[in-house]
Undergrad: 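I have a structure I would like to understand better, so I am pasting it below and will then ask my questions one at a time.
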Amino acid sequence: PIEAPPIVPACWSIIALHPRSLVPLLPKLRAGGLLFADETLVDTKPPDGVVRIGVPATRIAERAGNRLGAGMAMLGAFVAWTGLVALDEVVAAMRAALPSHRAKMVDANTALLEAGAAWAHEVRGAA
C-alpha cells in the first residue's frame with residue numbers, strides 16, 4: 001500500500017482524468033514526455049515539446065455501461081500506447097489488488113482495460 005504519494009521532481013508521462021489535478025503536475029513533465037488526457041474533461045494544452053494524447057476514457061467507460069470506470073479505460077490505453085507492461089500483467093495485478101468485497105468488479109474492470117487498450121491500438125495503428 002502507498003501511504004503517501006512520492007514527491008516526484010520530473011516525469012516522462014502524466015495521466016490526467018481531471019484538469020484540477022493536472023495544474024501542479026504539468027511543470028514536472030519533461031520535454032518529449034506524454035500527456036494522456038481524458039478528452040472529455042481535460043482540454044489543457046501541454047508544455048512545448050510534450051505530446052498530448054487525448055483519450056476518450058469517459059466515453060469508453062460510458063459505452064461499457066460504467067462511467068466511473070474511466071480510470072481503468074485510461075490505464076488500458078496508457079499500457080497499450082507505451083508498451084511499458086503487458087496488459088495481461090496489469091489485469092493480473094488488478095485481480096490480486098482488489099479486496100474480496102470488490103471481486104465482482106474483476107470482469108468489468110478487465111473489459112474496461114481491454115477497451116482502452118483496443119482504442120490505443122486502433123489509434124496508434126492508424127497514425
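Numbers here are sequence positions counted from 1. Please read all numbers here as calculations on a predicted model, not as lab measurements.
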Undergrad: Does R124 reach the main-chain N or O of W81 with its side chain, forming a donor-acceptor pair under 3.5 Å?
TA: yes
Undergrad: What donor-acceptor contacts under 3.5 angstrom involve side-chain atoms of residues 15-42, with partners at least two apart or in another chain?
TA:
unit_1	atom_1	unit_2	atom_2	d
H18	ND1	R20	N	3.1
S21	OG	H18	O	3.1
K28	NZ	V8	O	3.0
D38	OD1	T40	N	2.9
D38	OD1	T40	OG1	3.3
D38	OD2	T58	N	3.3
D38	OD2	T58	OG1	2.5
E39	OE2	R59	NH2	2.1
T40	OG1	R59	NH1	3.3

Undergrad: Go through the structure and list residues passing side-chain contact (heavy atoms from CB on, under 4.5 Å) with T110, not counting sequence neighbours.
TA: V91, M94, R95, V106, E114
Undergrad: Working to the nearest 0.5 angstrom, can you tell me the gap between L84 CG and W12 CH2?
TA: 5.0 Å
Undergrad: Could you tell me which residues satisfy side-chain contact (heavy atoms from CB on, under 4.5 Å) with A93, sequence neighbours excluded, listed by chain and number?
TA: none
Undergrad: Which salt bridge (charged side-chain N to carboxylate O under 4.0 Å, His left out) pairs, counting each pair once, include a residue from residues 70-86, with sequence neighbours left out?
TA: none
Undergrad: For the residue pair I7 and P9, what are the closest heavy atoms and their distance?
TA: O-CD, 3.7 Å
Undergrad: Counting only pairs under 3.5 Å, give me each side-chain donor-acceptor contact of residues 60-75, with atom names and distances, residues two or more places apart or in other chains.
TA:
unit_1	atom_1	unit_2	atom_2	d
E62	OE2	R67	NE	2.8
N66	OD1	L68	N	3.3
N66	OD1	G69	N	3.4

Undergrad: Are V55 and F78 close enough that some pair of their side-chain heavy atoms sits under 4.5 Å apart?
TA: no
